[in-house]
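Residue numbers run from 1 in the order of the sequence given.
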Amino acid sequence: MPSFLKSLLFFFLLTLLSQVGGILYLLHKPLSRSIKRRLGHGWRGSLVRATSFVLVLSFASITVVPLLARPFSRVPLPLSANSEVPIAPARWFTVLANQHYVSPELRAAVIEIARQTARTYPGTELRYLDANFPFLTGFPLLLRRLNWRSADVTFDESANRWLLEAITADDRIGKVFVEPHLKRRIGQSGNDKIRFHGCAAVRHDDHIHVQL
């Protein structure tokens, strides 16, 4: 594949995955060319170029992008859990792909729910999946196509019943999506905030979808 087409492909792919990855890829090109001149086209040079790009993407995602996202009323969810804020990403790809952004109001609601959960179930930390990108509304979020499931999960009916009741009791939360059979199973059939997202959406039987 010609170099120009390869660069174009990487630009669009990284933009789709992380919204800012394409721009960072272009900014990283001079450093990539410098590494290629020094180390050549072999596996060592390729590894160093890939590693340096991941470092640039990580640095920008953690330090620069959150500042630029503020005018768009988007803030990142917590990157690590502690006793004060017991919530963290389920996987770091979500952070590197800049898919952990929400409105300030939703962030505050989720953190408060996590604190309630930790008080009720000591030692419990909530884990979040993809949320939203830092910029623009309606930008396609492909992680739902790439989402993988863990087979090592046990469904706790009483804990999930409590969690859904805590979520829906928060006036800031407008809608919660889970699969209909789980809504019935945990005795929430009469809870109007809990809804079915539809057959065309990603399944909500291994996570809870929350929105304002």
Side-chain angles (χ1 to χ4, degrees), residues 6-29 31-32 50-81 85-114 125-150 167 170 172-178 195 197-212:
K6 187 183 296 185
S7 296
L8 192 63
L9 177 62
F10 276 122
F11 174 82
F12 281 113
L13 179 60
L14 290 168
T15 299
L16 284 174
L17 287 177
S18 64
Q19 199 170 57
V20 300
I23 294 174
L24 292 175
Y25 171 72
L26 295 180
L27 294 176
H28 179 259
K29 290 287 282 183
L31 176 60
S32 179
T51 301
S52 66
F53 175 72
V54 171
L55 291 175
V56 168
L57 178 62
S58 302
F59 176 81
S61 297
I62 294 173
T63 62
V64 179
V65 177
L67 298 177
L68 298 178
R70 288 179 183 176
F72 295 85
S73 296
R74 304 270 175 87
V75 292
L77 288 169
L79 301 184
S80 61
V85 183
I87 183 172
R91 52 183 178 265
W92 268 91
F93 176 79
T94 303
V95 176
L96 292 179
N98 293 300
Q99 297 179 4
H100 62 304
Y101 283 81
V102 295
S103 68
E105 187 178 11
L106 183 56
R107 185 183 192 274
V110 169
I111 290 176
E112 177 55 32
I113 292 167
E125 296 176 351
L126 297 187
R127 293 288 183 264
Y128 63 83
L129 298 173
D130 50 294
N132 208 338
F133 284 120
F135 314 111
L136 306 178
T137 299
F139 199 87
L141 190 65
L142 301 182
L143 185 53
R144 73 177 205 169
R145 305 292 182 186
L146 303 174
N147 190 23
W148 58 87
R149 299 162 184 256
S150 172
I167 292 172
D170 193 310
R172 293 167 291 189
I173 303 299
K175 298 177 183 178
V176 179
F177 296 107
V178 297
R195 307 181 185 184
H197 211 176
C199 296
V202 64
R203 290 182 62 85
H204 296 99
D205 54 4
D206 61 355
H207 67 284
I208 300 172
H209 179 118
V210 177
Q211 66 183 61
L212 296 179

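To the nearest 0.5 Å, atoms OG (Ser80) and CD (Glu125) are separated by 9.0 Å. Distance CG/Asn98 to NE2/His100: 6.5 Å, rounded to 0.5 Å. In this structure, the separation between OG1 on Thr15 and OH on Tyr25 is 11.0 Å, given to the nearest 0.5 Å. Here the straight-line distance linking atom CG of Asp170 with atom CG of Leu106 works out to 9.5 Å at 0.5 Å rounding. Residue Leu57 holds its CG atom at 9.0 Å from CD1 of Ile62, rounded to the nearest 0.5 Å. In this structure, CG on Leu79 lies 11.5 Å from CD1 on Ile87, to the nearest 0.5 angstrom.
For the pair Gln19 and Pro134, the tightest heavy-atom approach, listed with the atom from each and the gap, is OE1-CD, 3.4 Å. Nearest heavy-atom pair, Arg107 versus Pro76, reported as atom, atom and distance to 0.1 Å: NE-O, 2.8 Å. What you find for Leu14 and Gly21 is that their closest heavy atoms are CB-C, 3.6 Å. In plain terms, the two heavy atoms of Phe53 and His28 that are nearest each other are N-NE2, 3.4 Å. Contact record, Val85 with Pro78: CG1-CG, 3.5 Å, taken as the closest heavy-atom pair. Heavy atoms only, all atoms of each residue included: Phe133 and Leu16 are closest at CZ-O, 3.7 Å.
Of the possible donor and acceptor atoms, one in the side chain of Gln99 sits under 3.5 Å from a partner among the backbone N and O of Leu17. Under a 3.5 Å cut-off, the side chain of Arg172 and the backbone N or O of Leu212 do not form any donor-acceptor pair.
In this structure, the side chains of Val65 and Phe135 come closer than 4.5 Å at one or more pairs of heavy atoms. Considering only heavy atoms from C-beta on, Val54 comes within 4.5 Å of Ser58 through its side chain.
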Report task. Start with the C-alpha gap between Leu9 and Lys6, add the side-chain angles, then the distance that decides, and say whether side chain to side chain contact (heavy atoms under 4.5 Å, CB included) holds. Result -> CA-CA 5 Å; Leu9 177 62; Lys6 187 183 296 185; 5.7 Å; no
Query raised in the report: Could you walk me through whether Val110 and Val102 pass the side chain to side chain contact (heavy atoms under 4.5 Å, CB included) check?
Result: CA-CA 10 Å; Val110 169; Val102 295; over 6 Å; no
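Counting heavy atoms of neighbouring residues, nucleotides and ligands inside a 6.0 Å radius, atom CZ of Phe10 does not exceed 12 of them.
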